[in-house]
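These notes are about the structure you will find just below.
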Amino acid sequence: MNNPIIQLTDLTKCYGTKKAVHKLNLHIHAGEIFGLLGPNGAGKTTTILMMLGLTEPTSGTAMVCGYDATRNPLSVKKQVGYLPDNVGFYPDMTAFENLRFIALLNGLHEKEAELKARDLLQTVGLSASANNKTATFSRGMKQRLGLAEVLIKKPKIVILDEPTLGIDPRGVNEFLELIQKLSREQNLTVLMSSHHLHQVQRVCDRVGIFVDGKMMVEGAIDSLAQSLHIREGLKTTIQLANAVNYKVIERQLSTIEGFESLAFHDGKLTITSRKDITAQAVRTLVYQQADIIAVQRDGDSLDAIYSQYFEQSTLRKEKDGK
Amino acid sequence: MENKNWISTPLRILIKKEIASHIRSWRFIILIALIVLTCCASLYVAFSDLRTTINNAQDPDSTFVYLKLLTNSDNSIPPMHVFLNFLAPLLGIALGFDAINSEQNGGTLTRLVSQPIYRDNLLLAKFIAPLCIVSILFASLIMLMIGIGMITMGITLEWQEVIRMIGFLGISIIYVGFWLSLAILLSIIFRQGATSALTAIGIWLFFTVFFPIVVNFVIRPFIPNPNYISESQYLAYHELILNLRRLSPSQLYTDATTSILMPSVRSLGPVSMEQMIGALPTPLSFKDSVMIIWPQLTGITAAMMLCFALAYFLFMRREIRC
């Protein structure tokens, strides 16, 4: 953990007077899956473009794989695979041809490129449509083809810009699992930008929340929650089908270690606790002849973290507006 | 394995891909059909009138049968070199008007520039690939024409003619190159393919149709009555009009092709009686013809380079975003 593979130092980008990215400092280590979270227009794409040397930073440096991305973009691009948010392919070429073309551009030999392209189409599950023109491809298929194309150059780092945008939920799951699997297998460093918290939460080792060009907070998901003090209470909501004796249940539940308070409303029990007591609470309720139809835990989810930061930022904007 | 670098040069791969996608496109098939049709038409007319032209002892060019094929016409249809004056810009514009903006709109530009290739390779490929296609097209058309002529007439080809045809080919390619680089420039400036195509066609129409009219319209009122000025003054005015018209690339092309395909053309401006006296009505050598049109050649080449340099300048500093 000594040498970060991506190292951004005071990275700043201004468009006119608007600061798209403001003094961004970020370290990402090899083999990590990092989630860059933020609302639209937060400067995520700009940051990614600066890491690839496609946009010049106004000040600060972006070191990727030991190279300065602004001064030495070619060496960076050799090691970094980038999947843009609105990925497109040449519609008059087949998936295989598109892939082979990119492989050749990355300096692979003709034979090698073809072999690799077939192989990767298999990996991303597109070998059946390898010889179809990409004009006929759905959004999800294009994303998977994009992933294959990113992998064909054998990158050390994969940067995915909004990879799950516009794919159906099943496709999202498959796609993220694929990324996670590949990252583990090939020890890839993955940087993923998204505004979809749940998806990122599932696969990321670490996340950074990025609002208005500033990194608000960065770290593993649980440590983020702690830093926010939203661990004050863990909420469990249990929906009941029949009426129960509220007093008795409260007395029973209060014996569980970690229990703090109980609220009853519309057949819903909301238990606040210091630690996760869902299992014990459910067992207690069942003994009390309660018919449980749904149990939901709101924990230290990314949702809470995310909305807290986003609300802050929108509040600030409204104030500025006034 | 030693020539691995040579084979996998990104520029070569890009050019290959560009040529492949041009050749497969409907646009190109239509263009070829158009050009082949007009060539056939003008050749047919040239052939039908050839006997009287060759037997015309007054014409010093009558020995150059194959050059006559390109320039001869009974005025029902313009000869081939005049036709090309119209078609070459169309060819250049059609092959270049969406060079960059289609990539940008299709989302392929971000993908391409994030590959380890220099950005100018992309622009060079966009320029060289269409020029390769056009050169092959023109060369094969001219060779076909010579072949047909040989079979039907059985007259041998002279070296002088071969060299002049190669010269004609070269000038035509440079002329297409000018329009191509203009179209590429417009495709960088305008996001929409339709806008850049319309602008390019507008410029083309202006130079081929309106520019001579505008020059005449503007200069005429300033020319005094020819009866009251000396001959040399009158000639000077004429020279002025001609030079202004030479600001248009199509005029340069007309000048250049006329004197390269008609060896007897000695001057592109008006010639006085004194100059004519003592001049033998013999064809010029190739070198002398080239000397006459050297300024025109330089002019077209410079215009092409200027457009390309501007395109290069704009593209290299451009932000690449969808």
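These numbers come from the heavy atoms of this one structure, side chains and all, not from hydrogens, waters or symmetry mates. Treat the numbers as computed from the prediction; the structure is a model and nothing was measured. Order of the sequence lines fixes the chain letters, A, B, ..., with proteins taken first and strands second; residue numbering starts at 1 for each chain.
Contacts between A:E97 and chain B at a heavy-atom distance below 4.5 Å involve the side chain alone, from C-beta outward. Contact of B:L109 with chain A is not made at all, since no heavy-atom distance falls under 4.5 Å.
By the 4.0 Å N-to-carboxylate-O rule, A:E56 lies too far from B:R318 to be salt-bridged with it.
Rounded to the nearest 0.5 angstrom, B:T110 OG1 and A:D85 CG are separated by 8.0 Å. With values rounded to the nearest 0.5 angstrom, B:T108 atom OG1 is found 10.0 Å from A:M93 atom CE. The distance from the OG1 atom of B:T9 to the CG atom of A:L105 is 11.0 Å, given to the nearest 0.5 Å. Taken from CD1 in B:I13 to CG in A:L104, the straight-line distance is 5.0 Å, to the nearest 0.5 Å. The distance from atom OG of B:S114 to atom CG of A:D161, rounded to the nearest 0.5 Å, is 11.0 Å.
No side-chain heavy atom of A:D92 sits less than 4.5 Å from a side-chain heavy atom of B:S25. A 4.5 Å side-chain heavy-atom check between A:Y90 and B:K17 finds at least one atom pair inside the cut-off. Side-chain contact between A:Q79 and B:P116: absent, with no pair of heavy atoms (C-beta onward) separated by less than 4.5 Å. A heavy-atom distance below 4.5 Å is not found between the side chains of A:L74 and B:Q115. Taking the side chain as every heavy atom from C-beta outward, A:F101 and B:L112 approach each other to under 4.5 Å.
Within a 6.0 Å sphere centred on CZ of B:F206, other residues, nucleotides and ligands contribute more than 12 heavy atoms. More than 12 heavy-atom neighbours from other residues, nucleotides or ligands sit within 6.0 angstrom of CZ on B:F207. At most 12 heavy atoms of other shown residues, nucleotides or ligands fall within 6.0 angstrom of atom CD in A:Q122. Within a 6.0 Å radius of CZ in A:F34, other residues, nucleotides and ligands contribute more than 12 heavy atoms.
B:R111 pairs with exactly one of A:L83, A:I102, A:V150 by the side chain to side chain contact (heavy atoms under 4.5 Å, CB included) rule, that one being A:I102.
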